[in-house]
Amino acid sequence: MRITVIEHEAGAGLGYLERWLGLECDVVRPYLGDSVPERAADGLIVLGGAADAWDDERSPWHPATRDLLRRAVEESTPTLAICLGAQLMTMACGGVVGRGGNGLEVGLREVRPLPAAASDRILSGVGTAAAVQYHQDAMTRLPEGAVPLMTGDQYPHQAYRMGEAAWAVQFHPEATPEIFTTWTSAADLDGAEDLNAEVKAAEDRLIATWRPVAEAFAEVVRTAAPA
């Protein structure tokens with residue numbers, strides 16, 4: 001069993017997920033010229049990146065990525081879409097993404113479960129939790145049929161599910177403290193040292209929260225794959 005991974009930039013890779021999933025990952029790097037496949041393997045992960053989800057000129061592979069996500073949802077291919085990936089999935093399925101009206105959400109932020117999360121296959125074990133954030137664009141209207149799963153104070157749409165096997169999360173369960181530090185350093189953010197230290201101090205909590213989610217997603221991939 002294999003997971004197709006769409007990576008949008010070198011600094012936003014699989015991070016923790018590379019160790020947690022326990023499945024082979026075929027990483028597609030369209031920014032280096034790789035072609036986005038029409039269909040994923042047994043599962044699909046679409047990672048984050050600095051580009052806007054609607055900026056097809058800057059990221060000419062976005063239309064193919066949205067098509068891939070739409071097909072994965074329609075065919076019930078287990079899918080995990082993260083940050084930019086979540087925004088691309090939202091657009092692919094008929095929702096709306098735009099520049100967030102509440103500014104940059106960055107650092108360690110609280111996310112809270114909504115009622116549907118209690119029976120969700122990958123998020124049911126997550127209560128109110130800390131998550132790494134780094135985004136300014138936001139999912140302002142979810143697609144029709146989306147099941148909201150998690151919310152937050154600055155931006156309400158933090159996680160949702162389409163169908164039984166496609167999840168979109170605005171936050172970054174994959175981000176290690178080292179990856180987060182590269183993001184803040186590249187952006188030359190005010191207060192970056194404090195943000196970095198806060199994420200580093202929460203590393204054990206982040207692992208304890210999000211590793212079971214990654215493992216649960218991997219189990220969805222295993223159970224969905226043909227015998």
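For this chain, numbers begin at 1 and follow the sequence in order.
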Between His157 and Gln170, does the side-chain contact (heavy atoms from CB on, under 4.5 Å) criterion hold? Intermediate values first, please. CA-CA 7 Å; His157 300 313; Gln170 182 60 75; over 6 Å; no
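- Once rounded to the nearest 0.5 Å, the distance linking CD of Gln154 with CZ of Arg109 reads 5.0 Å.
- With contacts defined as side-chain heavy-atom distances shorter than 4.5 Å, the pair Ile82/Glu174 qualifies.
- Taking each heavy atom of Pro148 and Ala146 in turn, the nearest pair found is CD-O, 3.4 Å.
- Between Leu149 and Ala117, the closest heavy-atom pair is O-CB, 3.4 Å.
- Checked against the 6.0 Å centroid criterion, the rings of His172 and Trp210 do not qualify as a close aromatic pair.
- Between the side chain of Tyr155 and the backbone N or O of Glu105, no donor-acceptor pair lies under 3.5 Å.
- Ionic pairing of Arg161 and Asp120 is present here: one or more N-O contacts between side-chain nitrogen and carboxylate oxygen are shorter than 4.0 angstrom.
- Counting heavy atoms from C-beta on, the side chains of Leu14 and Cys25 come closer than 4.5 Å.
- The neighbour count for Glu215 CD, taken as heavy atoms of other residues, nucleotides or ligands under 6.0 Å away, is above 12.
- The closest donor-acceptor contact from the side chain of Thr140 to the backbone of Val96 lies under 3.5 Å.
- The shortest heavy-atom contact between Leu23 and Ala218 is CD1-O, 3.9 Å.
- One finds the CG atom of Leu104 at 10.0 Å from the CD atom of Gln133 (value rounded to the nearest 0.5 Å).
- Every salt bridge (charged side-chain N to carboxylate O under 4.0 Å, His left out) that Arg29 has, sequence neighbours left out, goes to Glu7.
- Side chain of Ser59 to main chain of His62: no donor-acceptor pair is present (N/O by atom type, distance under 3.5 Å, no hydrogens or angles).
- Contact annotation: the side chain of Leu206 approaches that of Leu108 to within less than 4.5 Å [non-hydrogen atoms, C-beta and beyond].
- Applying the salt bridge (Lys or Arg N to Asp or Glu O under 4.0 Å) test to residues at least two apart or on different chains, the pairs with a partner in residues 73-88 are Arg39-Glu75.
- At least one side-chain heavy atom of Glu57 sits under 4.5 Å from a side-chain heavy atom of Asp55.
- Rounding to the nearest 0.5 Å places NZ of Lys200 at 4.0 Å from CD of Glu203.
- In this structure, the side chain of Thr184 engages the main chain of Thr181 through a donor-acceptor pair within 3.5 Å.
- Residues that satisfy the salt bridge (charged side-chain N to carboxylate O under 4.0 Å, His left out) test with Arg70, not counting sequence neighbours, are Asp67.
- Counting heavy atoms from C-beta on, the side chains of Val169 and Val111 never come closer than 4.5 Å.
- What you find for Pro63 and Asp56 is that their closest heavy atoms are CG-OD2, 3.5 Å.
- Contacts of Ala214 classified as side-chain contact (heavy atoms from CB on, under 4.5 Å), with partners at least two apart in sequence or in another chain: Leu17, Trp20, Leu21.
- Ion pairing of Arg121 with Glu164 is absent here, as no side-chain N (NZ or NE/NH1/NH2) approaches a carboxylate O to less than 4.0 Å.
- Salt bridge status for Asp42 with Arg2: absent, with no side-chain N to carboxylate O gap under 4.0 Å.
- Using a 4.5 Å cut-off on side-chain heavy atoms (C-beta onward), Val5 and Ile3 make contact.
- Within a 6.0 Å sphere centred on CD of Glu178, heavy atoms belonging to other residues, nucleotides or ligands number more than 12.
- Partners of Arg112 by side-chain contact (heavy atoms from CB on, under 4.5 Å), not counting sequence neighbours, listed by chain and number: Glu110, Thr128, Thr151, Asp153.
- Within the 4.5 Å cutoff, no side-chain heavy atoms of Cys83 are placed close to those of Phe171.
- Put simply, the side chain of Leu189 reaches to within 4.5 Å of the side chain of Tyr134, judged on heavy atoms.
- Side chain of Glu9 to main chain of Ala50: a donor-acceptor pair is present (N/O by atom type, distance under 3.5 Å, no hydrogens or angles).
- Residues Leu123 and Leu114 fall into different hydrophobic clusters, defined by Ile, Leu, Val, Met, Phe, Trp and Tyr side chains chained together at heavy-atom separations under 4.5 Å.
- Gly107 approaches Val199 most closely through the heavy-atom pair C-CG2, 4.4 Å.
- A donor-acceptor pair is defined here as one N or O able to donate and one able to accept, closer than 3.5 Å; such a pair exists between the side chain of Gln87 and the backbone of Asp137.
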* To do: Under the side-chain contact (heavy atoms from CB on, under 4.5 Å) rule, what do His135 and Val106 come out as? Steps first, then yes or no, please.
  => CA-CA 7 Å; His135 71 104; Val106 59; over 6 Å; no
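- Distance alone, capped at 3.5 Å, is enough to place a donor-acceptor pair between the Asn196 side chain and the Ala192 backbone.
- Taking Ile, Leu, Val, Met, Phe, Trp and Tyr as hydrophobic and joining them when side-chain heavy atoms fall under 4.5 Å apart, one finds Val36 in a cluster with Ile6, Val28, Tyr31, Leu32, Leu44, Val46, Trp54, Trp61, Leu68, Leu69, Val73, Leu84, Leu88, Met89, Met91, Val97, Met139, Leu142, Tyr160, Met162.
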